[in-house]
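Because the structure is predicted, anything quoted here is derived from the model rather than measured. Nothing fancy with the numbering, it's 1 onward along the sequence.
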Amino acid sequence: MATISDVAKLAKVSVATVSRFLNDSGYVGTKSRESIENAIKELNYVPSEVARSLSTKQSDIIGLIIPDIKNPFFPELARAVEDTAFEYGYTVILCNSDENAMKEKHYLEKLTKKYVAGIILTSIIEQENHWQNVKLPIVALDRPIDSKVATVTTNNQKGAELATSYLLECGAKNLLCISGPKNMTSSQTRIEGFKAALHRNGVDAHIIESPYDFEIAEKILYDYLKTNPSIDGIFACSDASAIGALKAAHRLKLRIPEDLQIVGFDGIQVGNVVTPSLTTVAQNIYLLGQTAAELLIKQIEGQKLEQESICIDPELIIRETTRKERSE
């Protein structure tokens with residue numbers, strides 16, 4: 001494979017002159033330009049994108065850091081980012097932080113050193129500030145990290161209120177909320193929505209914490225439901241936790257939705273595949289990823305952002321894990 005040195009030698013110019021020609025970064029005389037063009041054609045030379053990014057410190061690559069590739073919500077989100085980036089001529093590098101702050105920091109440092117054009121970050125620990133060392137365009141997706149950073153989120157409080165109110169309308173009287181990790185703003189906002197709906201209806205409820213993980217949520221819920229048999233309604237702050245609750249209920253031989261009603265949060269595709277299918281507050285996952293990618297690309301290309309914080313409304317999707325609303 002021909003190199004830039006081969007092109008320079010055949011064209012009888014310096015490597016620096018070829019570099020200026022390729023990057024359009026300085027004057028190259030007409031005669032030299034013609035010689036370089038002929039040498040490139042003769043050698044079938046293809047410029048190295050890596051070499052070009054090293055010389056210009058620019059690229060058409062976007063870094064995307066997500067916290068948990070096992071959670072179906074994030075692959076769906078990544079797909080939307082990748083589709084949108086491709087339409088604009090960008091390529092996405094996907095990094096899975098594995099819910100590990102050190103891993104997240106490592107990927108931020110590596111992506112910056114590789115001269116990516118910008119980064120979309122779904123941070124696992126929002127209180128960390130290692131992202132502040134990134135001197136590139138950055139967008140926070142799903143979880144805000146700072147008021148100075150462009151952010152795309154769902155209206156989490158509104159979604160939680162929708163879910164909780166619907167459980168009450170369907171006759172649930174003793175509710176349980178399965179929250180996410182305490183250090184996540186989105187999880188805490190969903191709890192606030194849950195509490196707001198309860199307060200309006202004069203109802204008390206239980207709140208327990210669980211990672212957004214099918215198997216861990218199943219274990220936690222199995223133990224909790226076993227010792228709290230009066231619970232007849234569950235709002236889970238993620239579909240993964242809701243499906244874990246559904247499996248726990250099956251193990252305890254609870255009928256869904258006759259004995260126990262469940263509403264999740266996210267709207268992942270697998271929620272429509274499980275039996276019974278999951279009632280959920282669906283985030284517009286594709287629009288979230290698409291919007292984040294478009295915000296980042298606008299920053300990369302020097303365009304002014306009309307909005308730096310975008311909040312997208314969710315939608316209640318009624319399926320088989322809840323009963324029909326009571327008639328008044």
Side-chain angles (χ1 to χ4, degrees), residues 53 57-156 184-187 212 238 266-268 283-312:
S53 67
K57 293 187 166 75
Q58 293 180 347
S59 77
D60 58 0
I61 297 173
I62 289 171
L64 171 61
I65 304 176
I66 61 173
D68 185 6
I69 197 71
K70 293 186 300 180
N71 185 334
F73 173 77
F74 293 108
E76 291 184 33
L77 198 63
R79 173 63 184 271
V81 170
E82 192 276 333
D83 282 352
T84 307
F86 182 78
E87 288 181 8
Y88 285 87
Y90 288 81
T91 300
V92 175
I93 293 178
L94 177 63
C95 303
N96 173 44
S97 69
D98 223 10
E99 299 188 351
N100 183 305
M102 292 305 296
K103 210 172 173 187
E104 180 179 297
K105 182 180 179 181
H106 167 80
Y107 282 133
L108 281 169
E109 292 174 349
K110 288 295 183 182
L111 288 172
T112 302
K113 289 177 181 177
K114 294 296 182 184
Y115 299 116
V116 297
I119 295 172
I120 296 174
L121 173 63
T122 299
S123 181
I124 176 58
I125 301 180
E126 295 159 15
Q127 286 74 19
E128 294 287 339
N129 61 3
H130 43 246
W131 57 269
Q132 291 180 344
N133 297 322
V134 177
K135 307 303 181 185
L136 292 170
I138 187 168
V139 171
L141 176 56
D142 185 51
R143 302 168 188 174
I145 55 177
D146 190 275
S147 59
K148 298 176 184 178
V149 176
T151 303
V152 182
T153 60
T154 291
N155 191 330
N156 290 295
M184 287 172 47
T185 301
S186 57
S187 174
Y212 293 158
S238 77
D266 279 338
I268 59 176
Q283 302 191 64
N284 192 327
I285 302 175
Y286 200 92
L287 183 59
L288 285 167
Q290 180 184 49
T291 303
E294 288 176 346
L295 280 183
L296 185 68
I297 291 167
K298 283 182 178 179
Q299 290 183 73
I300 292 169
E301 298 182 352
Q303 300 178 40
K304 184 177 180 180
L305 299 183
E306 295 178 4
Q307 287 181 277
E308 292 191 355
S309 181
I310 297 176
C311 187
I312 299 171

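Of all the heavy atoms in Ile145 and Ala140, the pair that sits closest is CG1-CB, 3.8 Å. Pairing each heavy atom of Gly289 with each of Leu77, the nearest pair is N-CD1, 3.8 Å. When all heavy atoms of Ala117 and Leu136 are compared, the closest pair comes out as O-CD2, 4.2 Å. Taking all atoms of both residues into account, the shortest heavy-atom contact from Asp68 to Phe74 is O-CD1, 3.4 Å. Heavy-atom minimum distance, Leu141 versus Thr122: O-OG1, 3.0 Å. Minimum interatomic distance between Leu295 and Ala150 (heavy atoms only, all atoms of both residues): CD1-CB, 4.4 Å.
Ile120 CD1 to Asp142 CG: the interatomic distance, rounded to the nearest 0.5 Å, is 12.5 Å. In this structure, CD in Glu294 is found 8.5 Å from CG in Leu287, a value given to the nearest 0.5 Å. Put simply, CD on Glu99 and CE on Met184 are 8.0 Å apart, with the number rounded to the nearest 0.5 Å. The SG atom of Cys311 lies 4.0 Å from the CG atom of Asn155; values are rounded to the nearest 0.5 Å. If you take CG on Leu108 and SG on Cys95, they are separated by 8.5 Å, rounding to the nearest 0.5 Å. One finds the CG atom of Leu121 at 5.0 Å from the CD atom of Glu104 (value rounded to the nearest 0.5 Å).
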Under the criterion side-chain contact (heavy atoms from CB on, under 4.5 Å), I'd like the reasoning laid out for Ile300 against Ile62: C-alpha separation, chi angles, the key distance, then a yes or no. CA-CA 10 Å; Ile300 292 169; Ile62 289 171; 4.2 Å; yes
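A side-chain donor-acceptor contact under 3.5 Å links Thr151 to the backbone of Val149. Of the possible donor and acceptor atoms, none in the side chain of Ser186 sits under 3.5 Å from a partner among the backbone N and O of Arg143. No donor-acceptor distance shorter than 3.5 angstrom exists from the side chain of Asp98 to the backbone of Asn100, with no hydrogens or angles considered.
In this structure, Gln303 places its CD atom where more than 12 heavy-atom neighbours from other residues, nucleotides or ligands lie under 6.0 Å away. Taking a 6.0 Å sphere around OH of Tyr88, one finds it holds 12 or fewer heavy atoms contributed by other residues, nucleotides or ligands.
In this structure, the side chains of Leu305 and Gln299 come closer than 4.5 Å at one or more pairs of heavy atoms. Contact of the Val81 side chain with the Leu296 side chain is not registered, since no non-hydrogen atoms from C-beta on lie closer than 4.5 Å. Two residues are said to be in side-chain contact when any heavy atoms from C-beta on lie closer than 4.5 Å; Asp266 and Glu76 fail this criterion.
The side-chain contact (heavy atoms from CB on, under 4.5 Å) test with Tyr107 is passed by exactly one of Lys105, Glu109, Lys103: Lys103.
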